[in-house]
Amino acid sequence: MAGVMARGGPVARRRRTMNEINMVPFIDVMLVLLIIFMVSAPLITTGVVDLPSVGRAKQRPQSVIEIVVGLDEKLKLKVDKGDPTAVALTQLVSRVREAQKGQADVPVVISADRQVKYESVVKVMDMLQRAGVQRVGLSVKQGA
């Protein structure tokens, strides 16, 4: 009769069922995380990107050399709003130098359609800059 007679009845070793979850550790962890975020939030700096803006020039240069890159990636050279003449990529630098007539400060503007591959525009710009052409830029559309 071991264990049968305790306090007048059989000894029952029952486990107390856990019907409730102890929320205190969860709340403690959440409060610590909240404090960490509140302290560290003012220290985080947002990345500011200074984008270039396009404005109107005060005066247009007297002489401008324009290189037009077409949809078929063929190049045309236009000097001072004249008629465009077709030019090969291999002859581009010599034709630009010829159009500059020894004046290195004459700007060269590259104009391309929106649908032209970016690679072909960069290729033209890179070729001109490697040849030592001083003022190379991209033509942009004013407004929206």
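Every heavy atom of this structure was used, including side-chain atoms; hydrogens, water molecules and symmetry mates were not.
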I'd like a table of donor-acceptor pairs (distance under 3.5 Å, sequence neighbours excluded) in which one partner is a side-chain atom from residues 119-131, with atom names and distances.
unit_1: Ser120; atom_1: OG; unit_2: Lys117; atom_2: O; d: 2.8
unit_1: Asp126; atom_1: OD1; unit_2: Arg130; atom_2: NE; d: 3.2
unit_1: Asp126; atom_1: OD2; unit_2: Arg130; atom_2: NE; d: 2.8

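Taking each heavy atom of Ser111 and Glu66 in turn, the nearest pair found is OG-OE2, 2.6 Å. Lys76 and Pro84 make their closest contact through CB-CB, 4.0 Å (heavy atoms, listed as atom of the first residue, atom of the second, distance). Taking both residues in full, the closest heavy atoms of Ala99 and Ile65 are given as CB-CD1, 3.7 Å, listed atom of the first, atom of the second, then distance. Looking at every heavy atom in both residues, Val133 comes nearest to Arg97 through N-NH2, 3.9 Å.
Distance check: Leu75 CG to Thr90 OG1 gives 9.5 Å after rounding to the nearest 0.5 Å. Atom-to-atom distance recorded for Gln134:CD and Asp105:CG is 9.0 Å, nearest 0.5 angstrom. Note: Thr85 OG1 to Leu77 CG = 5.0 Å, rounded to the nearest 0.5 Å.
More than 12 heavy atoms of other residues, nucleotides or ligands lie within 6.0 Å of CG in Asp113, so this atom counts as buried by the packing criterion.
There is no path of hydrophobic side-chain contacts, each under 4.5 Å, that joins Val68 to Val136. Linking Ile, Leu, Val, Met, Phe, Trp and Tyr whenever their side-chain heavy atoms come within less than 4.5 Å puts Met23 and Met30 in one cluster. Under a hydrophobic-cluster definition in which Ile, Leu, Val, Met, Phe, Trp and Tyr are linked whenever side-chain heavy atoms come within less than 4.5 Å, directly or via other members, Val69 and Val93 are assigned to the same cluster. Both Leu31 and Phe26 are part of a single hydrophobic cluster, where members link through side-chain heavy atoms under 4.5 Å apart.
The closest side-chain heavy-atom distance from Leu138 to Val109 is not below 4.5 Å.
A donor-acceptor distance shorter than 3.5 angstrom exists from the side chain of Gln100 to the backbone of Val106, with no hydrogens or angles considered.
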